Structure formats: C-alpha cells, structure tokens
Amino acid sequence: MIAFTARIITFLRDDRGVSAVEFALIAPVLIALYLGAAEMTMALNADRKVTGAANAVADLVAQDDFVTDAELADIYAAGDAILFPNNAADLALRITSIRMDADGDVFVDWSEGRGLAARGADDLPPLPDGLLAPMDSIVMVEARFPFYGPFPKDTGPLATLTDTAYLRPRRSPWVRRQD
C-alpha cells in the first residue's frame, strides 16, 4: 500500500507534461482569435471596396450630361472591377437622379438598378437635410454587398455591407437618362 501511495505522490508532483496540457487548453482559443481576426480584416476590406464602388459609380455618372444604356453597363463594370477579388456578381447597385424644382418639390428624375429595384417617381429616399436647393439635383448611388467570408458557411452571409454616395452633377444642372 505504501508503494502505491508513493507512486501516486510521484505522479502528482511530476510536471513534465504541464506545458503540453496548457498548450492544448489555450491553442483552440488562440486559433479562433487568429481566424476571427483574419475574417474581420477581410470584412473591413470588403466594406472599403463597397464604399469605393458606390463613390466611383456616382462619380462616373455625375461627370456626364446624358447617360445611355451602354454607358451604364460600363459604369456597372467599373463598380465590379473595384470589388475585386470579391465576387462582384453579388454587388447590387441602384443609381438615382434626384431633383428639386423651383417650388422646392423633390422628386426622382430617373432611377436604374442592378440587383436592386429602380426607384419609382414617388419612391423618394430619405435625404440628408440641406442636400438639395431649388433647381438643384444630385446623383445618389446605393450599393449592397453580402459578405460571406473565406470559410464555407451554409447559413448565408455574415453581414450585408451597404453604402450610399451622393454627388452633384458636374457638367449640367442634372444628369439626363437616354434610352
């Protein structure tokens, strides 16, 4: 019995495997933190790209007097290129020209969407105060992108990244839409 007790005491005092046990307990937490930081970095990068795409699309439209179907296709392609290496097929954009007449009435002049429905004449979005003045207009671009992350997930996107850009037309009082 004394030999058995001595062996148990020797076993309890043995500290040769403590480092391995501590590593086994801490490693999953450290790996999860590392993978979470990598995914967060990718999400922030995608969010910056969505903002850049919305601003670039608004800028391209605001530089024109008239926008045609062919120009809109090229403008959407530019937004897709900015989103690289993310899946640009998931990028939804809506371009809307909003005007204020001399009486101060605000209305949607025209709207086009890819992945988002175009706004109707009465579908006025909420606008920041002081954005429009009488006989003024803006180009508003709304962008939406579902972020899935690098790891396979069957539950859907981790987040839906959105942004809205407002720019004033540069070459004319408002940008016109040509079919």
Side-chain angles (χ1 to χ4, degrees), residues 36-37 39-150 153 155-179:
E39 195 153 329
M40 181 62 73
T41 301
M42 290 177 162
L44 289 172
N45 187 35
D47 185 54
R48 295 285 183 206
K49 288 180 178 279
V50 169
T51 299
N55 286 317
V57 167
D59 187 45
L60 289 170
V61 173
Q63 291 180 37
D64 214 345
D65 292 341
F66 298 95
V67 178
T68 64
D69 288 338
E71 288 174 327
L72 280 177
D74 291 341
I75 289 169
Y76 286 136
D80 292 346
I82 290 171
L83 212 61
F84 182 80
N86 296 302
N87 184 8
D90 292 336
L91 178 63
L93 293 167
R94 177 173 33 217
I95 304 168
T96 307
S97 175
I98 301 172
R99 292 176 44 197
M100 180 184 279
D101 62 15
D103 297 328
D105 296 325
V106 179
F107 60 95
V108 172
D109 189 31
W110 60 268
S111 182
E112 293 287 332
R114 186 193 71 181
L116 292 171
R119 291 189 178 274
D122 296 332
D123 185 17
L124 194 64
L127 298 173
D129 292 335
L131 189 63
L132 284 171
M135 300 305 293
D136 199 6
S137 73
I138 59 164
V139 173
M140 180 180 82
V141 174
E142 298 163 279
R144 186 179 68 207
F145 180 73
F147 177 73
Y148 290 95
K153 294 175 184 66
T155 59
L158 293 174
T160 300
L161 309 174
T162 61
D163 203 344
T164 304
Y166 305 95
L167 268 76
R168 296 191 189 289
R170 296 188 191 161
R171 298 176 58 183
S172 64
W174 68 88
V175 177
R176 294 163 182 84
R177 177 73 173 93
Q178 284 185 332
D179 293 327

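A quick note: this is a predicted structure, and the numbers were derived from the prediction, not measured.
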Can you tell me how far the [atom1] atom of [X] sits from the [atom2] atom of [Y], to the nearest 0.5 Å?
X: T160; Y: F147; atom1: OG1; atom2: CZ; value: 11.5 Å
X: I138; Y: L132; atom1: CD1; atom2: CG; value: 5.0 Å
X: Y148; Y: N86; atom1: OH; atom2: CG; value: 12.0 Å
X: N55; Y: Y166; atom1: CG; atom2: OH; value: 11.5 Å
X: W174; Y: M100; atom1: CH2; atom2: CE; value: 14.5 Å
X: M140; Y: T164; atom1: CE; atom2: OG1; value: 6.5 Å

* Asked: Between R114 and L91, is a side chain to side chain contact (heavy atoms under 4.5 Å, CB included) present by the stated rule, with each step listed?
  -> CA-CA 8 Å; R114 186 193 71 181; L91 178 63; 4.0 Å; yes
* Is the side chain of W110 donor-acceptor paired with the backbone N or O of V175 at a distance under 3.5 Å, no angle test? -> yes
Excluding sequence neighbours, so at least two apart, what forms side-chain hydrogen bond (donor to acceptor under 3.5 Å, both in side chains) with [X]?
X: T51; answer: D163
X: R176; answer: none
X: S97; answer: none
X: S137; answer: none

Can you name the side chain to side chain contact (heavy atoms under 4.5 Å, CB included) partners of [X], sequence neighbours left out?
X: D65; value: R171, S172
X: A58; value: V141, A165, L167
X: D74; value: none
X: A92; value: L116, R144

Just grab all the salt bridge (charged side-chain N to carboxylate O under 4.0 Å, His left out) pairs involving [range], residues at least two apart or on different chains.
range: residues 98-109; result: R99-D109
range: residues 43-64; result: D59-R170
range: residues 122-134; result: R119-D123
range: residues 82-91; result: none

* Side chains of E112 and I75: closer than 4.5 Å at any heavy-atom pair? -> no
* Asked: Name the one of V61, L60, V139 that satisfies side-chain contact (heavy atoms from CB on, under 4.5 Å) with V67?
  -> V61
